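Notes to accompany the following structure.
Quick caveat, the model's predicted, so the values are computed rather than measured.
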Amino acid sequence: MKTSVDDLALFGGPMAFEKTLVVGKPSTGDRAKFYERLEVALDSGRLTSGGPLVKEFEARIADHTGAKHCVATCNGTIALEVMARAAGLTGEVIMPSMTYVATAHAMRYLGLTPVFCDLDPATGCIDPEQVESLITDRTTGLVGVHLWGQPAAIQELEKIAEVHDLTLFFDAAHGIGCTFGSQPLGGFGRAEMFSFHAAKVVTTFEGGAIVTNDDDFAQLARYTHNFGWGEEHVTEFAGTNAKMSEASAAMGLTSLDALPATIAANLAHYEEYSAELDGLPGLEMHRYDEDNRNSYQYNVVKVDEQECGLSRDTILELLRADNVLAQRYFSPCVHECEPYRTERPVSLPATDAFSRRVLTLPTGPSVTSEQVRDVSALIAFAIEHAPEIRRRLAARA
């Protein structure tokens, strides 16, 4: 318990947490069941190239999302690349900057030009009203990002894509277990991409998936992710190797089994953070639209420095010193990173203002309610002593 500013680890006090608290600790599920699945794969001798565990994982993801097809991949970034290749995108692709750099990097790696659009301050997702002003005769694609599992403005983006004959994809890296109304994410646009990175609510160690209702596109994506091989084991075109391994699928199936319990734990922590931080000046929990279901894997606090007395980055520094590895998802935004900052500088005022306030706090089944309360108390203590903390930091500068 902190009783004075001297107790903060940043100023020499003991760490509040002996074990590091992180955002996105892997949700691996029943370890014995994972080993059982892995033994089956090892005994079969089929470790890759669309083995039975990968096929089962694809079927379960398709069933979970209500989509017709799922193509599992070795990571989410290459899933985006496969989608763009299969669609034959050229020229420019419009997307938000408030996303992980992989959204843009995947396009640029294929020789495409990411064009960044500003966001809707209420959600942090791409602002459809600003998309049309960015469309040129070189635009062939549009990527909406379901930031923190919130659905982007799906209907508005679908209308824009139809009017301008654009291929619409959704980066649903955060989207497993989330919905748009009553419909699970995964069946919108021409295709959607999921990430099953270790930090996601469902993990395959490292992995991703392409989900679509388009039969022809699903076949193209499947060919593309396997060197371009067609049905007769003859290459139809130059593809890549983006296949998921059986070991990854074994982990994915086990983690997927645990998804309901993971979401329940995340929701409980979200409600606990909301209650504990309520009323603190300059702090606001990012609220998810209750008309949509969320996985609550991201507990996002927005910091108003003027009201709070401390900047978002100062609070982050204080937390990390006390062994709480909070994160800035996503700051700096992609347009502020290289090579985009130099090659194609743009002004995105709403994105800049939004991203510089956000702070993501630890959650997941491994985090306890007591730890949530202790993290919240640490933040409250810092805000209460904001003038003294600012003075100490200024003296050290």
Quiz item: Can you list the residues that meet the side-chain contact (heavy atoms from CB on, under 4.5 Å) rule with A199, with sequence neighbours excluded?
Solution: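 A199 satisfies side-chain contact (heavy atoms from CB on, under 4.5 Å) with H197 once adjacent residues are dropped.
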Exercise. Applying side-chain contact (heavy atoms from CB on, under 4.5 Å), name anything that partners S295, two or more places apart in sequence or on another chain.
Key: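 Here the qualifying residues are C178, V201, I263, Q297.
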Practice problem: Give every residue pair that meets the side-chain hydrogen bond (donor to acceptor under 3.5 Å, both in side chains) criterion with at least one member in residues 73-83, sequence neighbours excluded. | Solution: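 For residues 73-83, and leaving out neighbouring residues, there are no side-chain hydrogen bond (donor to acceptor under 3.5 Å, both in side chains) pairs at all.
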Indicate yes or no for a side-chain donor-acceptor contact from [X] to the backbone of [Y] under 3.5 Å, with no hydrogens or angles considered.
X    : Y    : result
T203 : F205 : yes
R46  : A41  : no
E192 : F188 : yes
S248 : T204 : yes

Quiz item: Hey, is R357 close enough to D304 for a salt bridge, meaning N to O under 4.0 Å?
Solution: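 A salt bridge is absent here (no side-chain N lies under 4.0 Å from a carboxylate O).
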Practice problem: Could you tell me whether K55 and E58 have a side-chain N and a carboxylate O separated by less than 4.0 Å? | Solution: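 Salt bridge: no.
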[X] side chain to [Y] side chain, donor-acceptor N/O pair below 3.5 angstrom:
X    : Y    : result
N292 : T179 : no
D30  : T254 : no
H335 : S97  : yes
Q219 : H69  : no
Q183 : R293 : no
S369 : E272 : yes

Quiz item: Does any pair with a residue in residues 306-317 pass salt bridge (Lys or Arg N to Asp or Glu O under 4.0 Å), and if so which ones, sequence neighbours excluded?
Solution: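 Pairs touching residues 306-317 that pass the test: D313-R328.
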Quiz item: Tell me, which pairs form a salt bridge (Lys or Arg N to Asp or Glu O under 4.0 Å) where one or both residues lie in residues 234-263, sequence neighbours left out?
Solution: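 Residue pairs passing salt bridge (Lys or Arg N to Asp or Glu O under 4.0 Å), neighbours aside: R37-D257, R60-D257.
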Pairs of donor and acceptor atoms involving the side chains of residues 373-387, under 3.5 Å and at least two apart or interchain, shall be tabulated with distances.
unit_1, atom_1, unit_2, atom_2, d
S376, OG, V372, O, 2.9
H385, ND1, F381, O, 2.9

Practice problem: Could you state whether V40 and M244 fall into the same hydrophobic cluster, counting links through intermediate Ile, Leu, Val, Met, Phe, Trp or Tyr residues with side-chain heavy atoms under 4.5 angstrom apart? | Solution: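 Cluster IDs for V40 and M244 differ.
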Quiz item: Would a hydrophobic clustering, with Ile, Leu, Val, Met, Phe, Trp and Tyr connected at side-chain separations under 4.5 Å, put W148 with L283?
Solution: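 Cluster IDs for W148 and L283 match.
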Practice problem: Please list, chain by chain and in numerical order, all residues satisfying side-chain hydrogen bond (donor to acceptor under 3.5 Å, both in side chains) with S195, sequence neighbours excluded. | Solution: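 Applying side-chain hydrogen bond (donor to acceptor under 3.5 Å, both in side chains) to S195 gives none.
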Practice problem: Could you list the residues that satisfy side-chain hydrogen bond (donor to acceptor under 3.5 Å, both in side chains) with S255, not counting sequence neighbours? | Solution: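 Expected list: none.
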Quiz item: Which other residues belong to the hydrophobic cluster containing L325, where Ile, Leu, Val, Met, Phe, Trp and Tyr are joined when side-chain heavy atoms lie under 4.5 Å apart, directly or via other members?
Solution: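 L325 shares its hydrophobic cluster with V22.
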Using atom types as modelled, flag every donor-acceptor pair under 3.5 Å from a side chain in residues 3-10 to any protein atom, sequence neighbours excluded.
unit_1, atom_1, unit_2, atom_2, d
T3, OG1, D7, OD2, 2.8
S4, OG, D6, N, 3.3
D6, OD1, R392, NH1, 3.1
D6, OD1, R392, NH2, 2.7
D7, OD2, T3, N, 2.8
D7, OD2, S4, N, 3.1

Exercise. Find the distance between CG (L359) and NZ (K302) and round it off to the nearest 0.5 Å.
Key: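 Rounded to the nearest 0.5 Å, the CG-NZ separation comes out at 13.0 Å.
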Quiz prompt | Straight-line distance of N294 CG to D289 CG, nearest 0.5 Å | solution =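 CG of D289 is found 10.0 Å from CG of N294.
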Could you tabulate the donor-acceptor pairs under 3.5 Å formed by side-chain atoms of residues 88-96, not counting sequence neighbours?
unit_1, atom_1, unit_2, atom_2, d
E92, OE1, T136, OG1, 2.9
E92, OE2, R138, NH1, 3.2

Quiz item: Going by the angle between their ring planes, with limits at 30° and 60°, are F330 and H174 parallel, tilted or perpendicular?
Solution: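 Aromatic pair F330/H174 classed parallel.
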Practice problem: Could you label the plane-to-plane angle of the Y296 and Y288 rings as parallel, tilted or perpendicular, counting under 30° as parallel and over 60° as perpendicular? | Solution: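 Rings of Y296 and Y288: perpendicular, as their planes differ by over 60°.
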Quiz item: D127 and Q130: side-chain hydrogen bond (donor to acceptor under 3.5 Å, both in side chains), yes or no, with the steps?
Solution: CA-CA 6 Å; D127 183 356; Q130 300 193 46; 3.1 Å; yes
Quiz item: How close do A218 and T212 get, heavy atom to heavy atom, and via which atoms?
Solution: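 Nearest pair, atom of A218 first, then T212: CB-CG2, 3.7 Å.
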Quiz prompt | L166 and its side chain to side chain contact (heavy atoms under 4.5 Å, CB included) partner, picked from V131, T139, L157 | solution =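 Checked V131, T139, L157 against L166; only one passes side chain to side chain contact (heavy atoms under 4.5 Å, CB included): T139.
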Please report, to 0.1 Å, the donor-acceptor pairs under 3.5 Å made by any side chain of residues 149-156, with sequence neighbours excluded.
unit_1, atom_1, unit_2, atom_2, d
Q150, OE1, H286, NE2, 2.8
Q150, NE2, T123, O, 2.8
Q150, NE2, L147, O, 3.0

